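Report on the following structure.
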Amino acid sequence: LTVDDYAWVTGELLAVAALAAMEQKPQLIAHGRGARRFGASVRSLRMALDRGLPERPGPQGQPRGQWLEHLMDAIERGV
């Protein structure tokens, strides 16, 4: 992801999707915040999370949509 003309925001959004698929919350939040710093819209970030999250409940059994919102909040708050 270090190609000269590669947009940093794209790399961060790809990392968000991949980390969501692996349920790596701390790294996901860090890359989500990086994506926002590089100019990703909330909509783009939500789409990357939605594509990456597995089609099952979250780690504590919460509904998938609730887990997605929890992650979005964590990214925006930096938790």
Side-chain angles (χ1 to χ4, degrees):
L1 299 178
T2 59
V3 178
D4 291 338
D5 61 348
Y6 195 82
W8 286 101
V9 68
T10 303
E12 293 292 342
L13 289 171
L14 287 170
V16 165
L19 291 164
M22 295 184 293
E23 298 179 1
Q24 298 294 314
K25 184 181 174 184
Q27 296 90 342
L28 184 155
I29 291 169
H31 284 279
R33 294 188 76 215
R36 294 288 285 143
R37 275 194 298 274
F38 285 121
S41 67
V42 171
R43 182 172 182 248
S44 294
L45 185 56
R46 184 179 304 276
M47 286 174 60
L49 273 173
D50 186 51
R51 298 295 189 277
L53 282 177
E55 293 291 331
R56 62 177 184 270
Q60 285 79 43
Q62 67 268 56
R64 185 178 181 275
Q66 185 179 348
W67 179 233
L68 189 144
E69 292 307 317
H70 167 75
L71 292 172
M72 287 295 295
D73 287 345
I75 291 166
E76 291 299 318
R77 289 183 292 120
V79 177

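Here the structure is a predicted model, which is why all the values come from computation and not from measurement.
- Here E12 contributes atom CD and R37 contributes atom CZ; the two are 8.0 Å apart, rounded to the nearest 0.5 Å.
- Under the 4.5 Å side-chain heavy-atom criterion for Ile, Leu, Val, Met, Phe, Trp and Tyr, V9 and L28 are members of the same hydrophobic cluster.
- L19 CG to L53 CG: the interatomic distance, rounded to the nearest 0.5 Å, is 11.0 Å.
- When every heavy atom of L13 is checked against every heavy atom of A40, the shortest pair comes out as CD2-CB, 4.1 Å.
- Counting all heavy atoms, side chain and backbone alike, L45 lies closest to G32 at CD1-CA, 4.0 Å.
- Heavy atoms only, all atoms of each residue included: P54 and A21 are closest at CG-O, 3.9 Å.
- The two residues V42 and M72 come nearest to each other via the heavy atoms CG1-CE, 3.6 Å.
- Note that CG of D50 and CG of L71 are 11.5 Å apart. Values are rounded to the nearest 0.5 Å.
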Next on the checklist: Could you go through E69 and Q62, starting from their C-alpha distance and side-chain angles, then the distance that decides it, and tell me whether this counts as side-chain contact (heavy atoms from CB on, under 4.5 Å)?
Outcome noted: CA-CA 11 Å; E69 292 307 317; Q62 67 268 56; over 6 Å; no

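- Rounding to the nearest 0.5 Å gives a distance of 5.0 Å between CH2 of W67 and NZ of K25.
- Closest non-hydrogen pair, A20 versus L49, comes out as CB-CD2, 4.1 Å.
- Taking NE2 of H31 as the start and CZ of F38 as the end, the distance is 10.5 Å to the nearest 0.5 Å.
- How far NE2 of H70 is from CD1 of I75: 10.0 Å, rounded to the nearest 0.5 Å.
- In terms of hydrophobic clustering, with Ile, Leu, Val, Met, Phe, Trp and Tyr side chains grouped at heavy-atom distances under 4.5 Å, M47 and M22 are assigned to different clusters.
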